[in-house]
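Below is one structure, written out as structure tokens, with a few remarks after it.
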Amino acid sequence: MVEKESFVTWFMRTTGKVRLIFGPAQQGSLDHPMTEENQALLKEQQAQEKAMWETVTRADGSSYIVSRKPE
């Protein structure tokens, strides 16, 4: 009895054939500096995340983060 090919196997085989025709996905360079707009967005995101969490330090010097209680 012939076993039916799984969807994942079919998908991977099909995308492999498409890659042969169109080539691999295009990737940009990772060594360029961030734009000022992206730096501002990163700082804003980090500030929002920092506002959500509080660092608690134990007596032995280890630390962990907990969610801040809503005020």
Side-chain angles (χ1 to χ4, degrees):
M1 183 175 209
V2 176
E3 195 172 319
K4 186 177 178 185
E5 182 178 42
S6 73
F7 175 75
V8 173
T9 304
W10 172 84
F11 183 78
M12 294 301 289
R13 185 173 42 78
T14 304
T15 55
K17 290 179 181 178
V18 171
R19 185 176 178 185
L20 285 173
I21 297 168
F22 294 105
Q26 192 72 358
Q27 291 185 349
S29 173
L30 299 176
D31 60 352
H32 60 81
M34 290 180 68
T35 63
E36 289 183 22
E37 180 182 4
N38 284 345
Q39 287 177 352
L41 288 171
L42 179 62
K43 286 180 183 178
E44 180 182 337
Q45 181 183 10
Q46 288 173 339
Q48 289 174 353
E49 289 176 358
K50 188 175 181 180
M52 292 174 51
W53 303 101
E54 181 178 358
T55 303
V56 177
T57 305
R58 295 182 178 147
D60 65 357
S62 63
S63 61
Y64 59 99
I65 60 171
V66 293
S67 179
R68 287 190 189 265
K69 295 179 180 152
E71 296 175 13

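Quick caveat: nothing in here was measured; it's all calculated off a predicted structure.
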Completion exercise
Contacts of Glu5 meeting salt bridge (Lys or Arg N to Asp or Glu O under 4.0 Å) (sequence neighbours excluded), chain-then-number -> Arg13

Practice task
State which residues pass side-chain contact (heavy atoms from CB on, under 4.5 Å) with Phe7; sequence neighbours excluded, sorted by chain then number.
Solution key: Trp10, Phe11

Handout entry: Gap separating the CD atom of Gln46 from the CG atom of Leu42, nearest 0.5 angstrom
Key = 4.0 Å

Completion exercise
In this structure, CG of Leu41 is separated from CE of Met34 (nearest 0.5 Å) by 8.0 Å

Handout entry: Cluster companions of Val56 among Ile, Leu, Val, Met, Phe, Trp, Tyr (side-chain spacing under 4.5 Å)
Key = Tyr64, Val66

Practice task
Please report the closest heavy-atom contact between Arg68 and Ala51, naming both atoms and the distance.
Solution key: CD-O, 2.9 Å

Practice task
Using a cut-off of 6.0 Å, state whether more than 12 heavy atoms not belonging to Glu49 lie near its atom CD.
Solution key: yes

Practice task
Quick one: pull up NZ in Lys50 and OG1 in Thr55 and give me the separation to the nearest 0.5 Å.
Solution key: 8.0 Å

Exercise for the section: Kindly indicate whether the side chain of Arg19, heavy atoms from C-beta on, has any atom under 4.5 Å from the side chain of Pro24. Expected result: yes

Handout entry: Close side-chain approach of Gln48 to Met52, heavy-atom, < 4.5 Å
Key = no

